[in-house]
Amino acid sequence: MKIAIIGAGNLGLSIAKGILSTNGATSMVLTKRNLSGLKEIEKYGIVTTTTDNREAVAKSDILIFAVQPGQFVKILGEIKDILTDKHVIISTITGFSIARMEEVIGPDHYIIRAMPNTAISVGKSMTCICSNEKGTKRVDLAKAIFNRMGHSMQIPEEQMQAATVICASGIAFWMRLIRATTQGAIQLGFDAKEAQELAMHTCNGAASLLIESDSHPENEIDKVTTPRGCTISGLNEMEHQGLSSSLIRGIVASFDKINEIKKG
Ligand SMILES: NC(=O)C1=CN([C@@H]2O[C@H](COP(=O)(O)OP(=O)(O)OC[C@H]3O[C@@H](n4cnc5c(N)ncnc54)[C@H](OP(=O)(O)O)[C@@H]3O)[C@@H](O)[C@H]2O)C=CC1
Ligand SMILES: O=C(O)[C@@H]1CCC=N1
């Protein structure tokens with residue numbers, strides 16, 4: 001697969017690393033206006049970097065766009081006359097609808113929207129995918145690309161905003177939970193490095209229990225909560241302090257904000 005990543009910033013570079021670490025491309029062109037941050041990745045033989053988006057498009061079949069929303073229309077306008085039927089256009093751009101893309105380049109292209117998260121750089125992204133009508137023929141290809149770097153799910157386009165909050169912003173939410181657990185562990189006597197190790201591997205184990213046994217969180221909680229034991233005491237205190245409620249409210253606030261940004 002010949003892949004171009006247009007906009008090799010935080011997310012674009014994470015995607016590039018994920019693809020490279022799973023040998024998911026035969027060639028890769030990364031674009032940016034300022035190439036100075038790409039020296040490290042240029043060491044991979046199959047990677048070239050350029051400021052010229054047209055060159056990247058001409059050399060590639062799969063085009064992954066990871067620029068900021070305000071930069072996207074201009075870039076699509078620059079490259080639309082060299083798009084052909086070989087190209088699959090994958091946009092990771094938050095809040096940028098397929099209809100808006102079609103307004104610039106027309107509907108006769110394979111257009112996919114993908115919402116990955118930064119865990120793509122370590123092959124653990126949860127990526128949601130939707131497409132335009134023509135793009136339905138390339139959804140399996142897009143899923144195959146993202147499944148090499150984690151897990152993917154096809155969803156209706158109207159759920160993309162919600163998926164952004166749960167999966168992309170979700171990385172930040174889970175990081176804060178891991179950090180809070182780390183702070184608790186330090187207070188209980190572990191040094192900072194040990195505390196983080198305990199917190200992150202326990203988090204990983206909890207998610208793996210659900211993923212690998214197809215279980216429900218409450219089933220797993222029942223197995224840990226000894227009657228009159230320490231787990232239920234801690235858990236109930238967390239709930240008295242609003243743990244579940246604050247998470248749900250945070251998710252909804254994030255969703256309200258993303259809808260506000262979209263309207264703006
Ligand atoms: N960060 C995340 O977790 C997620 C982000 N997203 C979405 O992905 C997109 C990118 O986000 P993020 O990576 O955080 O943003 P960044 O600002 O880090 O990356 C955007 C990149 O685009 C480059 N760029 C700007 N203009 C051009 C141009 N004309 N041609 C080529 N490259 C250009 C910029 O580099 P330079 O200035 O050097 O040109 C920059 O490296 C956003 O739309 C965001 O909403 C989606 C899911 C998750
Ligand atoms: O915080 C944001 O608005 C973007 C969208 C998802 C991740 N970062």
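The structure displayed is predicted, hence computed values, not measured ones.
Note that CD1 of I46 and CG of L20 are 5.0 Å apart. Values are rounded to the nearest 0.5 Å. Within the model, atoms CD of Q68 and CD1 of I75 stand 10.5 Å from one another, a figure rounded to the nearest 0.5 Å. Here I64 contributes atom CD1 and I5 contributes atom CD1; the two are 5.0 Å apart, rounded to the nearest 0.5 Å. Between N236 atom CG and T225 atom OG1 the span is 9.0 Å, to the nearest 0.5 Å. Distance check: D108 CG to E133 CD gives 10.5 Å after rounding to the nearest 0.5 Å. Expressed to the nearest 0.5 Å, how far CD1 of I79 lies from CG of N53 amounts to 7.5 Å.
Note on I82 and L76: same hydrophobic cluster, where clusters join Ile, Leu, Val, Met, Phe, Trp and Tyr whose side-chain heavy atoms are under 4.5 Å apart, directly or indirectly. Both L141 and I19 belong to a common hydrophobic cluster when Ile, Leu, Val, Met, Phe, Trp and Tyr are linked at side-chain heavy-atom distances under 4.5 angstrom. L83 and V67 fall within the same hydrophobic cluster, where Ile, Leu, Val, Met, Phe, Trp and Tyr residues are linked whenever their side-chain heavy atoms come under 4.5 Å apart, directly or through other members. Using a 4.5 Å cut-off between side-chain heavy atoms of Ile, Leu, Val, Met, Phe, Trp and Tyr, with links allowed through other members, L35 and V47 fall into the same hydrophobic cluster. Grouping the Ile, Leu, Val, Met, Phe, Trp and Tyr side chains by contacts below 4.5 angstrom, directly or via other members, places L243 apart from I248.
The nearest pair of heavy atoms linking L210 to H216 is CD2-C, 3.8 Å. Between M126 and C167, the shortest heavy-atom contact is CG-SG, 3.6 Å. Heavy atoms only, all atoms of each residue included: M160 and C130 are closest at CG-SG, 3.7 Å. Annotation for A8 and L30: closest pair CB-CB, 4.1 Å, computed over non-hydrogen atoms. Considering all non-hydrogen atoms of both residues, V224 and T231 come closest at O-OG1, 3.4 Å. Heavy atoms only, all atoms of each residue included: H109 and G106 are closest at CD2-O, 3.5 Å.
Side chain to side chain, E239 and S244 meet the donor-acceptor criterion of an N or O pair below 3.5 Å. Side-chain polar atoms of D52 and T50 form no donor-acceptor pair below 3.5 angstrom. A donor atom on one side chain and an acceptor atom on the other are not found under 3.5 Å apart for T182 and Q196. A side-chain donor from one of Q241 and E237 sits under 3.5 Å from a side-chain acceptor of the other.
Within the structure, salt bridge (charged side-chain N to carboxylate O under 4.0 Å, His left out) pairs that include any residue of residues 60-79 comprise D61-K86, K74-E78 (at least two apart or interchain).
Taking the side chain as every heavy atom from C-beta outward, I129 and I155 never approach each other to under 4.5 Å. By the 4.5 Å heavy-atom criterion applied to side chains, I111 and I105 are counted as neighbours.
N147 contributes a side-chain N or O that, together with a main-chain N or O of S152, makes up a donor-acceptor pair within less than 3.5 Å. Although no hydrogens or angles enter the test, the distance criterion places no donor-acceptor pair under 3.5 Å between the side chain of R138 and the main chain of Y110. In terms of modelled atom types and a separation under 3.5 Å, the side chain of S60 and the main chain of V57 share no donor-acceptor contact. When atom types are taken as modelled, the side chain of E220 and the backbone of P217 share no donor-acceptor pair closer than 3.5 angstrom. For the pair N132 (side chain) and I98 (backbone), a donor-acceptor distance under 3.5 Å is absent. In this structure a side-chain-to-backbone donor-acceptor pair under 3.5 Å is present from H87 to T84. Side-chain atoms of E194 come within 3.5 Å of backbone atoms of D191 as a donor-acceptor pair (strictly under, hydrogens ignored). Between the side chain of N259 and the main chain of F255, a donor-acceptor pair closer than 3.5 Å is present.
At most 12 heavy atoms of other shown residues, nucleotides or ligands fall within 6.0 angstrom of atom CE in M153. Annotation for K143: atom NZ counts as buried by contact number, over 12 foreign heavy atoms lying within 6.0 Å. For D214, the CG atom sits in a loose shell: 12 or fewer heavy atoms of surrounding residues, nucleotides or ligands are nearer than 6.0 Å. Other residues, nucleotides and ligands place more than 12 heavy atoms under 6.0 Å from the CZ atom of R54. More than 12 heavy atoms of other residues, nucleotides or ligands lie within 6.0 Å of CZ in F173, so this atom counts as buried by the packing criterion.
The ring-ring contact (aromatic ring centres under 6.0 Å, His included) search around F146 returns none, not counting sequence neighbours. By the ring-ring contact (aromatic ring centres under 6.0 Å, His included) test, F72 is found to be paired with F65, F96, residues two or more places apart in sequence or in another chain being considered.
Partner of I112 under the side chain to side chain contact (heavy atoms under 4.5 Å, CB included) criterion, out of I89, I90, L63: I90 alone. Applying the side chain to side chain contact (heavy atoms under 4.5 Å, CB included) test between N117 and each of S125, C128, S14, S169 identifies S125 as the sole match.
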(request) Applying side chain to side chain contact (heavy atoms under 4.5 Å, CB included), run through I221 and L235 and close with a yes or a no. (result) CA-CA 10 Å; I221 288 173; L235 204 53; 3.7 Å; yes
(request) Please step through side chain to side chain contact (heavy atoms under 4.5 Å, CB included) for the pair T202 and T181, ending with a clear verdict. (result) CA-CA 10 Å; T202 304; T181 308; over 6 Å; no
(request) List the steps and the verdict of salt bridge (charged side-chain N to carboxylate O under 4.0 Å, His left out) for D256 and R249. (result) CA-CA 10 Å; D256 289 345; R249 284 184 171 207; over 6 Å; no
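Classification of E260 and K257 as a salt-bridged pair holds, one side-chain N sitting under 4.0 Å from a carboxylate O.
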